[in-house]
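Scroll down for the structure; my scribbles are underneath it.
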Amino acid sequence: MSKIASTRPVDGDFASTHIISMEQFEAPDIMRVVEGAADMEAMLKDKGKIDILKNHILIAMMEQDSSRTGGSFVSAMESLGGSGRIPDLGRSSANKGEDFLHSVVTYATQSDVLVIRSDKDGSVTEAAEYLEMIENEMLAHGNRTLGTRIINAGDGKNEHPSQTFVDLTTMYRHFGHLSGLRLTLVGAAAEYRAAHSLAIGASRFGMTVNIVTPDVSPMPDKYLDILTDRGCPVTTDTALMPFVAESDVIYCMRPAMENVNDDARKAAILKAYEGYTITPEVMQEAPEGTIVMHPMPINREIARGFDTDPRARYFDQMAVGIPVRMEMLVSMFDKPPQDLLPA
Ligand code: CP
């Protein structure tokens, strides 16, 4: 049997599965990454680089554009002594007719970790299941098992779990806890996969979740149900201002136009954003201590004049992406770095 099962709950054992959905992680698993990222950051500061994952190779197969996720996974692997690359998919054998699943197996033969971003909902689950099937077939033929770990870096309108580890780590660093935080998500939620994974993450910590969306792009029922089934107070609305004073975290969502095909729908979403821009004036209504987060890139959701406000945490959020992804990688290979950390 393949060493890696496609999508099982992690339950303390990161080494046994791919990372596809936040549903695989309960609170202790999430806290392992959140707290481990601090060790990674200390290590980076002390030593710059450490050979925990020497000779390990990461490939980020990014079918949709990215400036952060792919690059920070490569930096994370290189900081752990391994190597990483982002292939130019515009020059790949997809141009010669190779389909997505065969490309996945191809890059899996070249790597220990395969980070995948795709425009199709559920495609990374499909990739993991297909790879597992091919590995089992190869084992039956006496070939070596690949053992490549897959990480979902965003699959269409579905999920983006590594972003949630980044988001929760950012919140934990600011508030010192995650339990019971008041989280307000603002923007077009139907297409925004990072918010779907974050809703699941928030459900593990009993957060109060306000969801401000245009009527045309609500949060899918699946994520509302997960929150309410786990006892989280949830409010949905179309207006932002009533929630500004009720938030510990205001989390902005970009209109994810790459995941919208219909022009009328695009126009309706963009029109709704006119009421969703975070400005210094809007933030005058917020309690002291409220922070503004955004996974980035930012379009029109936050006024440029807010970038240097101490409550703007999106650049810190972006920077923590590397130590968080280092901890994810170390956990997936079950390599506790304690003996390598500074005293
Ligand atoms: N946050 C995020 O996923 O950014 P990129 O699209 O640049 O990777």
Could you walk me through whether Arg313 and Met171 pass the side chain to side chain contact (heavy atoms under 4.5 Å, CB included) test, one step at a time? CA-CA 9 Å; Arg313 290 306 165 97; Met171 292 179 208; over 6 Å; no
Start with the C-alpha gap between Val282 and Thr277, add the side-chain angles, then the distance that decides, and say whether side chain to side chain contact (heavy atoms under 4.5 Å, CB included) holds. CA-CA 8 Å; Val282 167; Thr277 305; over 6 Å; no
Show, in sequence, the C-alpha distance, side-chain angles and deciding distance for His177 and Tyr172, and conclude whether the ring pair (Phe, Tyr, Trp, His ring centres under 6.0 Å) test is met. CA-CA 5 Å; His177 67 95; Tyr172 185 78; 8.2 Å; no
When you look at Asp167 and Gln163, which way does the side chain to side chain donor-acceptor pair (under 3.5 Å) test go after all the steps? CA-CA 6 Å; Asp167 298 341; Gln163 182 64 48; 2.8 Å; yes
Go through it in stages, so that I can follow the logic: the residues are His160 and Asn152, the test is side chain to side chain contact (heavy atoms under 4.5 Å, CB included), and I'd like the CA-CA distance, side-chain angles, deciding distance and then a yes or no. CA-CA 6 Å; His160 188 356; Asn152 181 2; over 6 Å; no
Assess whether side chain to side chain contact (heavy atoms under 4.5 Å, CB included) is satisfied between Leu53 and Glu78, documenting all intermediate values. CA-CA 9 Å; Leu53 293 183; Glu78 290 180 347; over 6 Å; no
From CA spacing to verdict: side chain to side chain donor-acceptor pair (under 3.5 Å), Glu327, Ser331: CA-CA 6 Å; Glu327 178 60 27; Ser331 298; 3.1 Å; yes
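If you check the side chains of Gln317 and Arg68, you find no donor sitting under 3.5 Å from an acceptor. A donor-acceptor contact under 3.5 angstrom links the side chains of Ser72 and Arg325, judged on distance only. Under the 3.5 Å distance criterion, with hydrogens and angles disregarded, a donor-acceptor pair is assigned to the side chains of His102 and Tyr130.
Ser75 and Ile322 make their closest contact through CB-CD1, 3.8 Å (heavy atoms, listed as atom of the first residue, atom of the second, distance). Contact detail for Pro323 and Glu41: the closest heavy-atom pair is CG-OE2, 3.8 Å. Nearest heavy-atom pair, Asp237 versus Ala239, reported as atom, atom and distance to 0.1 Å: OD1-N, 3.3 Å. What you find for Met293 and Thr170 is that their closest heavy atoms are CE-CB, 3.8 Å. Nearest heavy atoms, Ala190 versus Pro220: CA-CD, 4.1 Å. Shown here for Ile86 and Gly71, the closest heavy-atom pair between the two residues is CD1-N, 3.8 Å.
No donor-acceptor pair closer than 3.5 Å links the side chain of Ser197 to the backbone N or O of Ala194. Panel note: side chain Arg193, backbone Gly156; a donor-acceptor pair is recorded below 3.5 Å. In this structure, the side chain of Ser217 does not engage the main chain of Pro214 through any donor-acceptor pair within 3.5 Å. With hydrogens and angles disregarded, a donor-acceptor distance shorter than 3.5 Å links the side chain of Tyr276 to the backbone of Thr213. Asn143 contributes no side-chain N or O that, together with a main-chain N or O of Leu139, makes up a donor-acceptor pair within less than 3.5 Å. In this structure a side-chain-to-backbone donor-acceptor pair under 3.5 Å is present from Asp29 to Gly12. Looking only at distances, a side-chain donor or acceptor of His174 sits under 3.5 Å from a matching main-chain atom of Gly289. The backbone N or O of Asn299 lies less than 3.5 Å from a partner atom in the side chain of Glu301, making a donor-acceptor pair. The backbone N or O of Pro280 lies less than 3.5 Å from no partner atom in the side chain of Gln284, so there is not a single donor-acceptor pair. A donor-acceptor distance shorter than 3.5 angstrom exists from the side chain of His196 to the backbone of Asn158, with no hydrogens or angles considered.
Between Glu274 and Lys271 a salt bridge is recorded (basic side-chain N to carboxylate O distance below 4.0 Å). Comment: Lys120 does not engage Glu63 in a salt bridge, judged by the lack of any side-chain N to carboxylate O separation of less than 4.0 angstrom. Ion pairing of Arg230 with Glu23 is present here, as a side-chain N (NZ or NE/NH1/NH2) and a carboxylate O approach within less than 4.0 Å. The pair Glu191-Lys266 fails the salt-bridge criterion, with no side-chain N (NZ, NE, NH1 or NH2) lying under 4.0 Å from an Asp/Glu carboxylate O. Arg304 and Asp307 are joined by a salt bridge, as a carboxylate oxygen and a charged side-chain nitrogen come within less than 4.0 angstrom of each other.
In this structure, Asp229 places its CG atom where more than 12 heavy-atom neighbours from other residues, nucleotides or ligands lie under 6.0 Å away. Atom CG of Asp262 has more than 12 heavy atoms from other residues, nucleotides or ligands within 6.0 Å. Within 6.0 Å of CG in Asp316 there are more than 12 heavy atoms belonging to other residues, nucleotides or ligands.
With a 4.5 Å cut-off on side-chain heavy atoms, Cys252 and Val292 count as touching. With contacts defined as side-chain heavy-atom distances shorter than 4.5 Å, the pair Ile50/Met326 does not qualify. Counting only heavy atoms from C-beta outward, the side chains of Gln110 and Ile57 never approach each other to under 4.5 Å. Side-chain atoms of Ile30 and Met22, non-hydrogen and from C-beta on, do get closer than 4.5 Å to each other. By the 4.5 Å heavy-atom criterion applied to side chains, Asp119 and Glu258 are not counted as neighbours. Side-chain atoms of Leu131 and Ile150, non-hydrogen and from C-beta on, do get closer than 4.5 Å to each other. Two residues are said to be in side-chain contact when any heavy atoms from C-beta on lie closer than 4.5 Å; Leu80 and Met40 meet this criterion. Here the side chains of Val234 and Ile211 are in contact, with some heavy-atom distance below 4.5 Å.
Separating the CD atom in Glu288 from the CZ atom in Arg311 is a distance of 9.5 Å, to the nearest 0.5 Å. Separation of atoms CD1 (Ile151) and OG (Ser162) is listed at 7.0 Å; rounding is to 0.5 Å. Once rounded to the nearest 0.5 Å, the distance linking CE of Met62 with CD of Gln64 reads 9.0 Å. The OG1 atom of Thr69 sits 13.5 Å away from atom CD1 of Ile116, with the distance rounded to the nearest 0.5 Å. Note that the CG atom of Asn210 and the CG atom of Leu183 stand 8.0 Å from one another [nearest 0.5 Å]. Summarising the geometry, atom NE2 belonging to His294 is positioned 7.5 Å from atom CZ belonging to Arg254; distances are rounded to the nearest 0.5 Å.
Classified by interplanar angle (parallel below 30°, tilted 30° to 60°, perpendicular above 60°), the ring pair Phe14/Phe25 is tilted.
Residues forming a ring pair (Phe, Tyr, Trp, His ring centres under 6.0 Å) with Phe306 (at least two apart in sequence, or on another chain): none.
A cation-pi arrangement is absent between Arg300 and Tyr273 under the rule of less than 6.0 angstrom and at most 45 degrees off the ring axis.
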